Amino acid sequence: MKITGLKTAVVEGNFDWTYVRIETDEGISGLGECFFAPGLTRTLHELSRVIVGHDPRDIRSLFRRLQWATSGAGSVAGTIYNAITGIEMALWDLTGKALGVPVYRLLGGLFRDKVRIYADCHAGEGLESLDAVLHSRHASWASSQGDHNQSKSFFEATTDAAIFTPEMYGARAKQMAVLGFTALKFDLDVPSPYGVDAHNRCLSNRQIDYMLSLVAGVRDAVGGGDLDIAVDCHWRLNLSDARKLAAGLEEFRLMWMEDPLPPWSIEEFKQLTRSTLTPIATGENLYLFEGFRPLLERQALSIACPDLQKVGGLNEARRIGDFADSCNIPIAPHNISSPIGTMASVHFCAATPNFLVLEYHASDLPFWDDLLVNMDGPLIRNGYITVPEGPGLGVTLNEEVARKYARSGEPFFE
Ligand code: MG
């Protein structure tokens with residue numbers, strides 16, 4: 001079997017879901033999904049020359065070829081791996097289809113037949129939609145009214161930005177708990193009534209109290225027992241203020257506090273993790289096993305959160321998962337992808353002993369489930385996804401629906 005070509009498509013979800021299809025001379029194809037990045041489509045098509053003519057089932061050696069092809073330009077990490085990851089995922093899908101087995105079987109088989117999902121609730125508002133350089137945008141398919149609130153700027157608080165209240169967080173938590181989720185995540189890096197300096201990484205005590213009141217709003221709405229709560233700080237804090245916040249959060253017994261510090265802060269993460277009972281999670285910005293290794297071997301984090309649409313692929317995720325397991329650290333993959341990328345993560349989570357919970361980031365997206373064919377009801381039921389038994393990823397993209405939401409100016413599997 002030989003690879004004959006690579007095609008791409010971009011669907012405008014709440015992010016640009018970038019698909020890569022790898023085709024072969026035997027008529028079998030595989031589909032992967034990449035985390036968004038500027039110039040991603042162009043990169044994918046440039047990389048196709050590296051793999052065309054090779055057997056798609058040689059997944060690891062093709063990955064090594066892609067590494068060699070790009071490392072000379074300096075890409076030992078970074079968004080080139082968003083492209084390589086999508087290609088690697090497509091190779092697993094293709095190999096599973098060629099052998100007639102699900103991807104989890106290729107990864108060593110099941111530890112569980114359904115995968116626990118947590119809902120990202122942002123800041124309690126409705127849809128968040130960001131382009132490839134993190135500018136908030138009005139999605140082309142979203143109504144101009146209703147609950148599609150896109151006022152949040154990722155970079156700095158605008159004067160007209162909404163101030164969120166504990167009641168808003170609580171209402172959102174109740175809404176998601178009714179859907180059956182057993183775990184939720186909320187942003188804490190939101191515009192504060194006490195002002196925010198977007199650049200100095202500092203928190204005043206009043207800002208810390210405000211953040212704690214938001215978490216209390218969630219806890220008071222959904223109770224302290226049945227529902228696990230995580231919070232995300234998006235790399236915005238210094239070590240001392242992160243320690244103050246983590247200490248204040250201890251009473252809530254959170255599932256985790258995510259990315260309080262910049263991703264390269266290995267020693268600071270170690271100090272923070274050791275100073276608090278609040279579990280510290282990080283990893284969505286890290287690439288490859290080598291990116292995780294220094295944090296894992298120093299016990300500098302409590303929970304590892306690789307993003308399986310950019311970390312380097314399913315094999316890299318497995319390397320990270322196995323090493324984390326040997327360090328007694330759970331894995332909770334970051335995930336903002338469509339049902340295709342989510343399902344690749346589901347296969348990994350099902351086959352990984354130290355899996356904790358997988359992210360779902362599209363609660364307010366009206367067509368998430370419609371992107372799969374032959375779906376009998378929603379993919380996520382009562383907070384879990386059942387591991388599919390079909391070959392490869394076990395799901396098929398509904399191209400008619402995908403085309404309807406395709407990003408203008410991008411090829412659509414052409
Ligand atoms: Mg995050």
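Note that ligands are numbered from 1 as they come in the structure, with each ligand's atoms numbered from 1 the same way. Computed from a predicted model, the values in this text were never measured in an experiment.
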* Sequence neighbours excluded, every pair satisfying ring pair (Phe, Tyr, Trp, His ring centres under 6.0 Å) that has a member inside residues 70-95 ->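 For residues 70-95, and leaving out neighbouring residues, there are no ring pair (Phe, Tyr, Trp, His ring centres under 6.0 Å) pairs at all.
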* For residues 300-338, which residue pairs qualify under ring pair (Phe, Tyr, Trp, His ring centres under 6.0 Å), counting only residues two or more places apart or in two chains? ->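 Residue pairs passing ring pair (Phe, Tyr, Trp, His ring centres under 6.0 Å), neighbours aside: F289-F323.
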* **In the protein, N/O/S atoms that are found under 2.8 Å from the Mg ion (ligand 1), waters not counted** =>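 Listed by chain and number: D232 OD2, E258 OE2, E284 OE1.
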* Would you find a donor on one side and an acceptor on the other, under 3.5 Å apart, between the side chain of Q299 and the backbone of C327? -> yes
* If only atom types and distance count, is the side chain of T273 paired as donor or acceptor with the main-chain N or O of A300 below 3.5 Å? -> yes
* Contacts of type side chain to side chain donor-acceptor pair (under 3.5 Å), residue T8, not counting sequence neighbours -> H45
* How are the rings of H361 and H122 set to each other: parallel, tilted or perpendicular (split at 30° and 60°)? -> perpendicular
